[in-house]
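Working notes for the structure below.
Chain letters run A, B, ... following the sequence lines, proteins first and then strands; every chain starts at 1.
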There are 2 protein chains.
Amino acid sequence: MAEQVIGEVSVPGIPSATVARLPFYLRALRDLVARGVTTTSSVELAELSGVGPAQLRKDLSFLGSFGTRGVGYDVDALAGYIAGALGLEDEHRIAIVGIGNLGHALANYSGYEQRGFHVAALLDASPEVVGTRAAGLVVEHVDALEDVVAREGVSIVVLATPAAHAQAVADRVVAAGVKEILNFAPRALQVPADVDVRGVDVGSELQILAFHSQARSLAAAND
Amino acid sequence: MAEQVIGEVSVPGIPSATVARLPFYLRALRDLVARGVTTTSSVELAELSGVGPAQLRKDLSFLGSFGTRGVGYDVDALAGYIAGALGLEDEHRIAIVGIGNLGHALANYSGYEQRGFHVAALLDASPEVVGTRAAGLVVEHVDALEDVVAREGVSIVVLATPAAHAQAVADRVVAAGVKEILNFAPRALQVPADVDVRGVDVGSELQILAFHSQARSLAAAND
DNA sequence: AACTGTGAAAGTGTTCACAGCC
DNA sequence: GGCTGTGAACACTTTCACAGTT
């Protein structure tokens, strides 16, 4: 395990499984803050986050040492450390491409600002949608993607286009210099190795649940 | 590795990492079908699915042996085997709870039927929403949840309620006998061990991307 | 010659259990 | 006494490399 800075951003050497759980911890901590709780333990925080206490402690140990033995963690301070580790200090500017049903819902999702994100632009290819307003923004034409990315300083693009257009849009997004993509289109995107893509696919999630549902029935039948 | 049936549902002994990728393979195979391709290789299918060829072959080996050495895989047949393994043979009936922006988008998501799912009911707590129509269904009151689950034979519930209500709704969903939940509310749900929950949280995904974005900047600064 | 299927190796991730500190 | 932080054990996943088959 490489470098470790205390309190400030640490960075390399944080396992990606740990990174994927930090948002859960942060969410739980912010709930505790909202409820006025000032101190917590690995058992309580783990329960709220849906993981085991050992896992939580191990995860935090990759970021540094934030608790007090025999006592627990300061809720506010720990939330700050995790937010720092996630890079939520600086604001991240987002563009959403594809303002259909889902894009609309994503645009109106509240809680971006609170989490350090700012929706800076909405883009669509359809003349019927371009020019309409959503979430306080005027939808621009996707042809202007490169300009919009530069003008707004977009660092993350959310793709909510139809599957058929997703790859073509992704290519342009990458060409425009964006390195972080959140893809809602049901397609595996082909991108250079230095670009991060995270995919969210409702259909896939349902299919995984269907598998477990079936496994359950079969197990029951074998009695 | 335990039991293995060929072509028919196999079941236990399939690693969950493999199960989570089967939907990608199925998606890619259906694209190939649509394009009229009848035979494929592990290299091609892996590329379309966004994984490595060795991983694909290993994954398929848990389900059985479906290819021909020196030749490749029959696209149609393989799609059928995977669909069978995922339990998409029988139709899964879904209820969506929380018909706000996101619930609306989820209700209108096309492609449920094609993937073996049927949206059987929409539920909401708000009097303003109950009684309205969406996706060809009349929104019912969430108080009738238990009745609706029984009446419609719901096996999967999609939760798109505000975070504050998610746990209470989940408790009732579980009490009604549903074992599979897809949770879009930004909350870790507390459920019995025999209930499967999969969570999708846009905020968390963005935070993970933000982390990578920051890691990139820091790496660049260290030169 | 081409491409699958799979043991074995390497790599990651999780859990345990306890030493260390308050 | 209570709770964190962590090496060491264990479990799971991925990748490699090649034997087996058409």
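Residue A/T18 is out of contact with every strand shown, counting any heavy-atom pair closer than 4.0 Å. No contact: A/P53 has no heavy atom under 4.0 Å from any strand.
Nucleotide D/dG7 holds its P atom 10 Å from the CZ atom of A/F62, rounded to whole Å. Distance, A/L78 CG to D/dG5 P: 9 Å, rounded to whole Å. Here the P atom of nucleotide C/dA9 and the NZ atom of B/K58 are 13 Å apart, to the nearest Å. Regarding B/R21, its CZ atom lies at a distance of 12 Å from the C1' atom of D/dC12, rounded to whole Å.
Phosphate proximity of D/dC3 to A/S41: absent, as no side-chain N or O sits under 4.0 Å from OP1 or OP2. The side chain of B/S42 contributes no N or O atom lying less than 4.0 Å from OP1 or OP2 of C/dC3. Not one side-chain nitrogen or oxygen of A/Q55 sits closer than 4.0 Å to the OP1 or OP2 atom of C/dG13.
Test B/V75, B/V37, B/D74 against B/L29 for side-chain contact (heavy atoms from CB on, under 4.5 Å) and you get one pass: B/V75. Each of A/V197, A/I156, A/V158 was compared with A/E180 under the side-chain contact (heavy atoms from CB on, under 4.5 Å) criterion, and only A/I156 meets it.
Note on B/E91 versus B/R93: salt bridge recorded, some NZ/NE/NH1/NH2 to OD/OE distance being below 4.0 Å. Here A/D196 does not pair with A/K179 in a salt bridge; the nearest charged N to carboxylate O distance is not below 4.0 Å.
For B/Q55 and B/D59, the side-chain atoms include no donor-acceptor pair closer than 3.5 Å.
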Problem - salt bridge (charged side-chain N to carboxylate O under 4.0 Å, His left out) assessment of B/D201 paired with B/R187 - result: CA-CA 9 Å; B/D201 179 10; B/R187 267 277 187 298; over 6 Å; no
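Closest to the side chain of A/Y73, from the set D/dT15, D/dT4, C/dG5, is D/dT4. When distances run from any side-chain atom of A/P15 to the nucleotides D/dT6, C/dG13, D/dT13, the shortest one goes to C/dG13.
Qualifying salt bridge (charged side-chain N to carboxylate O under 4.0 Å, His left out) partners for A/R69, counting only residues two or more places apart in sequence or in other chains: none.
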Practice task
Sugar-phosphate means primed atoms, P, OP1 and OP2; the rest is base. With that split, encode nucleotides 17-22 of chain C 5' to 3' as B, S or - using protein heavy atoms under 4.0 Å.
Solution key: B-BBBS
